[in-house]
Amino acid sequence: MTAELIDGKLFAATLRTKIAEFAATFEQSAGRKAGLAVVLVGDDPASHVYVASKAKQTVACGMSSFEHRLAEGTDQEALMALVDQLNADPMVDGILVQLPLPKHLDEQAVVERIDPNKDVDGLTPTSTGRLALGLPGLVPCTPLGSLMLLKDRLGSLSGLDAVVIGRSILVGKPMAQLLLAESCTVTIAHSRTRDLPDVVKRADIVVAAVGRPEMVKGSWIKPGAVVIDVGINRLPPAEGAAKGRLVGDVDFAEACGVAAAVTPVPGGVGPMTIAVLLRNALVAAHRNAGVALADGAL
Ligand code: GUN
């Protein structure tokens, strides 16, 4: 079998086109653009590239982008004050504080300070709690993007066995909640799970989010399963090369021989994350401005 490739790049581009249409309608109704603020603390080059890409796509979709790049040495008080300022700013509908923060900062306290109505990352206790309760709210971008790809490929997920590998608050836990809400039978596997290959082998849906290059082998995958690879890992450079190859948490070549469909890395889940961030910001904007948006429109 040769697996179908799930083209996240194309899906994300289609989603952005729809977002741009709804952003234009929002602007007409609200008399202002929807706005997304991104806060980045420190000098991590990859994060700077990522934040620049977010800003560019936000503007390209007809929304306002507010970028706050703070020095590595920024203290807790200054960061909390910035969050307060963004919470109070009527032009800002969504606030994303890029994680991880430098070690000296209390990440949880910063996240908890974000107004849940502007929590486009879905990480505040309010958003997390609403997701667990099955109430509408803002959901973390990467798992929501992964779910969109799954539903596009499979239609109904009801009754399917899903294994999520990884239990992070950004991906694994919310992914499991989303799959449960779709009536999957969900297993969350992690570093202490026994017989991981056997656990994975039962699954119709595998979501790998552990950050270990090519850990999931083809022999672990049930023939015909759909595999979502959330990992983005850079391998050490080959001799003479400046940079190593990007690979996911799944051995892609092996998975292609067993699965029905697989997301590639890059070009799978990655492009979905920013598109869903824009979607979340626009959904928040409608709510914050009291402009109606049909359920499931975005
Ligand atoms: N760092 C890597 N991914 C993410 C994300 O989705 N949200 C935030 N805030 N930080 C990240």
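Small disclaimer: the values here were computed from a predicted structure and weren't measured. The analysis underlying the following values was restricted to heavy atoms, covering all of them including side chains, and did not include hydrogens, waters or symmetry mates. Start at 1 and go down the list; that is how both ligands and their atoms are numbered. We're numbering straight along the sequence, starting at 1.
- Here the heavy atom of the protein found nearest to atom 10 (N) of ligand 1 is L99 N, 3.0 Å.
- Which parts of ligand 1 touch L96 is read off a 4.0 Å heavy-atom cut-off, strictly below it: atoms 9 (N).
- In summary, of the residues considered (V120, L40, L123), a side-chain contact (heavy atoms from CB on, under 4.5 Å) with L96 occurs for V120 alone.
- Contact record, T124 with V111: CG2-O, 3.4 Å, taken as the closest heavy-atom pair.
- Of the N or O atoms in Q98, one or more lie within a sub-3.5 Å distance of an N or O in ligand 1.
- With salt bridges taken as basic N to acidic carboxylate O contacts below 4.0 Å, one links R32 and D93.
- Around atom CZ of R287, no more than 12 heavy atoms belonging to other residues, nucleotides or ligands sit under 6.0 Å away.
- Residue-to-ligand polar distances keep T273 apart from ligand 1: every N/O pair is separated by 3.5 Å or more.
- The nearest protein atom to atom 3 (N) of ligand 1, hydrogens excluded, is given as L170 CD2, 3.8 Å; this is a heavy-atom distance.
- T17 and T14 are not linked by any side-chain donor-acceptor pair at a separation below 3.5 angstrom, with hydrogens and angles left out of the test.
- A donor-acceptor contact closer than 3.5 angstrom links the side chains of D119 and S127.
- Close approach to V97 involves these atoms of ligand 1, each under 4.0 Å from a residue heavy atom: 8 (C), 9 (N).
- Nearest to atom 9 (N) of ligand 1 among the protein's heavy atoms is D121 OD2, 2.4 Å.
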